[in-house]
Amino acid sequence: MKEDKALKKVLKQKGKFQLPNHFEYTLMQAVYQEAEKKKRRSYAVGLITISFVSLSFIVATFFFISPYLDLRSYTKYISFNNPLFQFYSMIGFIALFLLMMESIIRKKMLKHR
């Protein structure tokens, strides 16, 4: 009962209170900042999850297929001095670099919209 009376009294005095200048603007700024933090957090969690799942698939594939493969015959291809291994490694690094650059550019373009 006391709370209801107090609430009614405050609502009657509502006209007497005045909000500070730019109250709505600062409130919306805080809301947008929280939304941006949530978006960044979900992006990071998604990236970590995808990386973990991908690594798990690679390890599981190697674990389940390795008994059927004679890995000693493949060691000559994995040598760091092998030009074919160097070429494929370079192609892999270039692909990862381009994916990283595409992600950065996409973030900047979405920020400017």
Side-chain angles (χ1 to χ4, degrees):
M1 287 298 263
K2 288 183 179 181
E3 292 175 4
D4 292 337
K5 289 180 183 179
L7 184 61
K8 287 179 183 179
K9 186 177 179 181
V10 169
L11 289 175
K12 285 181 184 177
Q13 295 175 354
K14 182 182 174 191
K16 296 179 184 177
F17 294 115
Q18 191 166 11
L19 294 173
N21 291 341
H22 301 292
F23 174 76
E24 292 175 4
Y25 175 76
T26 54
L27 181 64
M28 290 308 293
Q29 282 288 100
V31 169
Y32 286 139
Q33 286 175 352
E34 284 298 317
E36 187 67 29
K37 285 180 185 178
K38 185 177 180 180
K39 184 189 278 187
R40 274 190 251 128
R41 200 174 307 126
S42 67
Y43 177 77
V45 168
L47 192 62
I48 290 170
T49 304
I50 289 172
S51 300
F52 178 73
V53 169
S54 299
L55 186 63
S56 300
F57 281 145
I58 291 169
V59 169
T61 302
F62 181 76
F63 180 74
F64 287 118
I65 292 180
S66 64
Y68 302 107
L69 298 176
D70 181 21
L71 295 179
R72 283 177 276 139
S73 64
Y74 293 107
T75 56
K76 62 182 177 184
Y77 298 116
I78 299 175
S79 170
F80 289 114
N81 294 330
N82 186 353
L84 194 60
F85 179 75
Q86 293 172 353
F87 175 72
Y88 288 145
S89 299
M90 183 60 70
I91 295 296
F93 286 124
I94 289 171
L96 288 174
F97 176 76
L98 290 175
L99 283 171
M100 183 181 67
M101 292 303 296
E102 185 265 339
S103 175
I104 291 170
I105 291 170
R106 180 179 289 166
K107 282 183 187 177
K108 287 186 179 184
M109 288 181 67
L110 288 175
K111 188 182 267 187
H112 290 294
R113 280 189 178 179

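The figures here come from the full heavy-atom set of this structure, side chains too, leaving out hydrogens, waters and symmetry mates.
- When the side chains of ILVMFWY residues are joined at heavy-atom separations under 4.5 Å, either directly or via intervening members, L98 and M90 end up in a single hydrophobic cluster.
- The distance from atom CZ of F52 to atom CZ of F57, rounded to the nearest 0.5 Å, is 10.5 Å.
- Residues I104 and F97 fall within the same hydrophobic cluster, defined by Ile, Leu, Val, Met, Phe, Trp and Tyr side chains chained together at heavy-atom separations under 4.5 Å.
- Residue pairs meeting the side chain to side chain donor-acceptor pair (under 3.5 Å) criterion with at least one member in residues 101-111, sequence neighbours excluded: Y43-S103, E102-R106.
- Distance check, rounded to the nearest 0.5 Å: CD1 of I94 to OG of S89 gives 11.0 Å.
- Rounded to the nearest 0.5 Å, atoms CD1 (I91) and CD (Q86) are 12.5 Å apart.
- Residues satisfying the side-chain contact (heavy atoms from CB on, under 4.5 Å) test with V45, not counting sequence neighbours, are T49.
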